[in-house]
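For reference, the structure discussed in these notes is given below.
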Amino acid sequence: GAVVSQHPSWVICKSGTSVKIECRSLDFQATTMFWYRQFPKQSLMLMATSNEGSKATYEQGVEKDKFLINHASLTLSTLTVTSAHPEDSSFYICSASRDPDSPLHFGNGTRLTVT
Amino acid sequence: TQLLEQSPQFLSIQEGENLTVYCNSSSVFSSLQWYRQEPGEGPVLLVTVVTGGEVKKLKRLTFQFGDARKDSSLHITAAQTGDTGLYLCADSYGQNFVFGPGTRLSVLP
């Protein structure tokens, strides 16, 4: 069964609004989670590394004020897309592992459509 | 910065055919993974290879890791429609991952 859960699976929102996506590790604690974005027919691109109890680390070119990440507990990280625009429409995927030596488990992704 | 290349980019075959897809890295892999991603879902890990020259089999899938640990191939025997998906190779060092662009495979009935 799934060990990393993402919610919602899909969301449609209007331009200018904010959307929150949750990523939960179901049967293990994850001090680190990862957020990816995947555009149609493209590979996964790492957006940021979410660290429990501290600030997220963002990849170059990813606006930290637009993509707010909160890793408030060892089993939950959230990604909030603020003031969403149509170009933010994408497939957002999170991942987590029990520890650096364990396989990475991916959530089932969230399809965001901004109209 | 490590660059991963995958070929072919797209592949469409008939059910029952064999196929091979490739992954090449600009630098030595730390730990190579192959994933399959179906539309609307997250990637699912197929295999992890670490040792140069390593060959792993997973039912109809055979994974080879080059001796120099800079390239890998995935061979599928007698493809089935359920094999359809995006095949991604990735390198991991610690909890950091770099993904290749993927090979999109379509197996037609």
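For residues 39-61 of chain B, heavy-atom neighbours of chain A at less than 4.5 Å comprise B:Gly40, B:Glu41, B:Gly42, B:Pro43, B:Leu45, sorted by residue number. Residues of residues 48-67 of chain A placed with any heavy atom under 4.5 Å of a heavy atom in chain B are absent; none qualify.
The contact between B:Gln37 and chain A is made entirely by side chain atoms (from C-beta outward), counting heavy-atom distances below 4.5 Å. If you measure heavy-atom distances from A:Ile93 to chain B, the contacts under 4.5 Å come from the side chain alone.
For the residue pair A:Trp10 / A:Thr113, no side-chain donor-acceptor distance below 3.5 Å is found, with atom types taken as modelled. In this structure, a donor-acceptor pair under 3.5 Å is present between the side chains of B:Ser25 and B:Gln2. Counting only N and O atoms by type, the side chains of A:Ser43 and A:Gln38 include no donor and acceptor under 3.5 Å apart. Between the side chains of B:Ser31 and B:Gln33, at least one donor N or O lies within less than 3.5 Å of an accepting N or O.
Clustering ILVMFWY residues whenever any of their side-chain heavy atoms sit less than 4.5 angstrom apart, transitively, puts B:Leu105 in the very cluster that holds B:Leu4.
In this structure, B:Tyr35 and B:Phe99 have tilted ring planes: the angle between them lies in the 30° to 60° band. Ring geometry for B:Phe29 versus B:Phe65: interplanar angle over 60°, hence perpendicular rather than tilted (30 to 60°).
Annotation for A:His7: atom NE2 does not count as buried by contact number, only 12 or fewer foreign heavy atoms lying within 6.0 Å.
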Fill in: Stepwise salt bridge (Lys or Arg N to Asp or Glu O under 4.0 Å) check, A:Arg24 with A:Glu22
CA-CA 7 Å; A:Arg24 293 180 185 274; A:Glu22 294 186 348; 3.5 Å; yes
Fill in: Test log, rule side chain to side chain contact (heavy atoms under 4.5 Å, CB included), inputs A:Val4 and A:Ser95
CA-CA 7 Å; A:Val4 173; A:Ser95 68; over 6 Å; no
